[in-house]
There are 2 protein chains.
Amino acid sequence: MGTLHILLVDDHPVVRAGLRAMLTGFEDFSVAAEAADGDAALRELTRLRALGERVDVVLMDLQMGAGMDGVAATAAIGKLDSAPPVLILTTYDTEADILAAVEAGASGYMLKDAPPEQIRQAVLSAAAGQTALAPKVAALLMSRISSPETALTPREVQLLELLATGLTNRAIARRLFISEATVKTHLVHIFGKLGVDNRTSAIALATQRRIIRAPGQ
Amino acid sequence: MGTLHILLVDDHPVVRAGLRAMLTGFEDFSVAAEAADGDAALRELTRLRALGERVDVVLMDLQMGAGMDGVAATAAIGKLDSAPPVLILTTYDTEADILAAVEAGASGYMLKDAPPEQIRQAVLSAAAGQTALAPKVAALLMSRISSPETALTPREVQLLELLATGLTNRAIARRLFISEATVKTHLVHIFGKLGVDNRTSAIALATQRRIIRAPGQ
DNA sequence: CCGCCGGTCAACCTTTTGATTGATCCGCCC
DNA sequence: GGGCGGATCAATCAAAAGGTTGACCGGCGG
């Protein structure tokens, strides 16, 4: 099927160089362009299209120091006509990260410590329109669907994330454009599912179970 | 002074590839070997020495998925006879990471998002026996020593640790055999020093600054 | 088409947390 | 030996968080 044209999006020059070296080492892989954040990624994508050049897969980091982050960029790319598949390649494997990426329309989720061959396979899968998940990620998703009664909804995970940053109920409400009453309702549900009865315990447990990242990480 | 021989230590193949590509792109830089964790780094170092090959600088990540971490490896390398300088190259710029690295004998601390030229200069400085700090890191250290009045007492740190496990004031009081009133007093002091006004923010900030371990870790 | 679930909101009440003030005790350093 | 800071405790008030009940809406699947 010819050469695969890849767009790299990562804020670390070192990581971009590494990915470029790794990918161009594979046959039929070619790095069409690179971007350091989500905004730049969109610009590159439209620029390449204007030139009539193909982009078969976008390889995207989630954490960006500045500018649009990976989730937002993934969602934005998905809105384009005949959008290329976006394969997430990141360091963290928490539920919150994974759920956000999947909701944004990512077609795969790989971890940076994966062996090169696994990454190569994931890129090929994504280009073929299939889903590619790191084994760890797949396991996590499986455990979620096998015990749905205790699984937190995406909204609840989102609440939990804001909770862990130290926001009050009122602040969370304002951030999400909902009422404080709704925040409390969500928290009661979260506490019930986690088996705790206050916010700090919820944060501790959620961090332990890798539902959310450690505060400030 | 001839070619600089560098030992790369990072658990991510992608990052190692990137660094190798970047470094070998510079004149007089050569990657002598690579290692995925601290144990492997020590093995590589002794192996190269047995072969009579030089290692002028060790480029070390702090976070390792498994095996000996960067701080331990740095300390271990420092114990060798005529040990090469260890330059830390990592993602995080938190107090505790930096202090731990410096205490372990690191001769520099750079961040992965630094431009290649800055990394090159840091490697050269380290090889010349000088200290190289990323601007961000230098700024953080300066701000810390200029404001010692915000330092937490050991007792306060202990409170903070229990706080992060999700205990209520009453539970903390029982755990420490003190009254709830005393717990409240401590918390007021902690909040004041950290510049926050509730326990979840205190946990988030303290975790961020690596004053305490992440909840449940 | 109806039921269920996720998300939203409100009222009400109890408990916990946070802020303030003021006090005692002890060890340490000048 | 007087001062200072850390740790301890108490009383009180205000604010935030937590628990309960009940309600409405929209989408999705049987």
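One finds a side-chain N or O of B:His186 lying less than 4.0 angstrom from the OP1 or OP2 phosphate oxygen of D:dT8.
As a whole-Å value, the separation of A:Arg155 CZ from D:dG27 P is 16 Å. Between the CZ atom of A:Phe177 and the P atom of C:dG7 there is a distance of 18 Å, given to the nearest Å. In this structure, the NE2 atom of B:His189 is 13 Å from the P atom of C:dT21, given to the nearest Å. Summarising the geometry, the separation between CG on B:Leu194 and C1' on C:dG18 is reported as 15 Å, rounded to the nearest angstrom. Rounded to a whole Å, the CD atom of B:Gln158 is 16 Å from the P atom of D:dG6.
Salt bridge B:Glu180/B:Arg174: absent, no basic N to carboxylate O contact under 4.0 Å. Checked for salt-bridge contact, B:Lys112 and A:Asp11 miss the test: no charged N lies under 4.0 Å from a carboxylate O.
Between atom CD1 of residue A:Ile211 and atom CG of residue A:Asp97 there is a gap of 13.0 Å, rounded to the nearest 0.5 Å. Here the CG atom belonging to A:Leu62 is positioned 9.5 Å from the CG atom belonging to A:Leu89, to the nearest 0.5 angstrom. With rounding to the nearest 0.5 angstrom, the CZ atom of B:Arg199 is 7.5 Å from the CG atom of A:Asn198. Atom-to-atom distance recorded for A:Leu8:CG and A:Glu44:CD is 10.5 Å, nearest 0.5 angstrom.
Within the 4.5 Å cutoff, no side-chain heavy atoms of A:Pro13 are placed close to those of B:Ile119.
In this structure a side-chain-to-backbone donor-acceptor pair under 3.5 Å is present from A:Ser107 to A:Val86.
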Quick one, give me the B/S/- string for nucleotides 10-26 of chain D, reading 5' to 3', where B means a protein heavy atom under 4.0 Å from the base and S means that only happens at the primed atoms, P, OP1 or OP2.
B-----SBBSB------

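Five base pairs at each end of the helix from C:dC1-D:dG30 to C:dC30-D:dG1 define two local axes, and these are offset by 40° (rounded to 10°).
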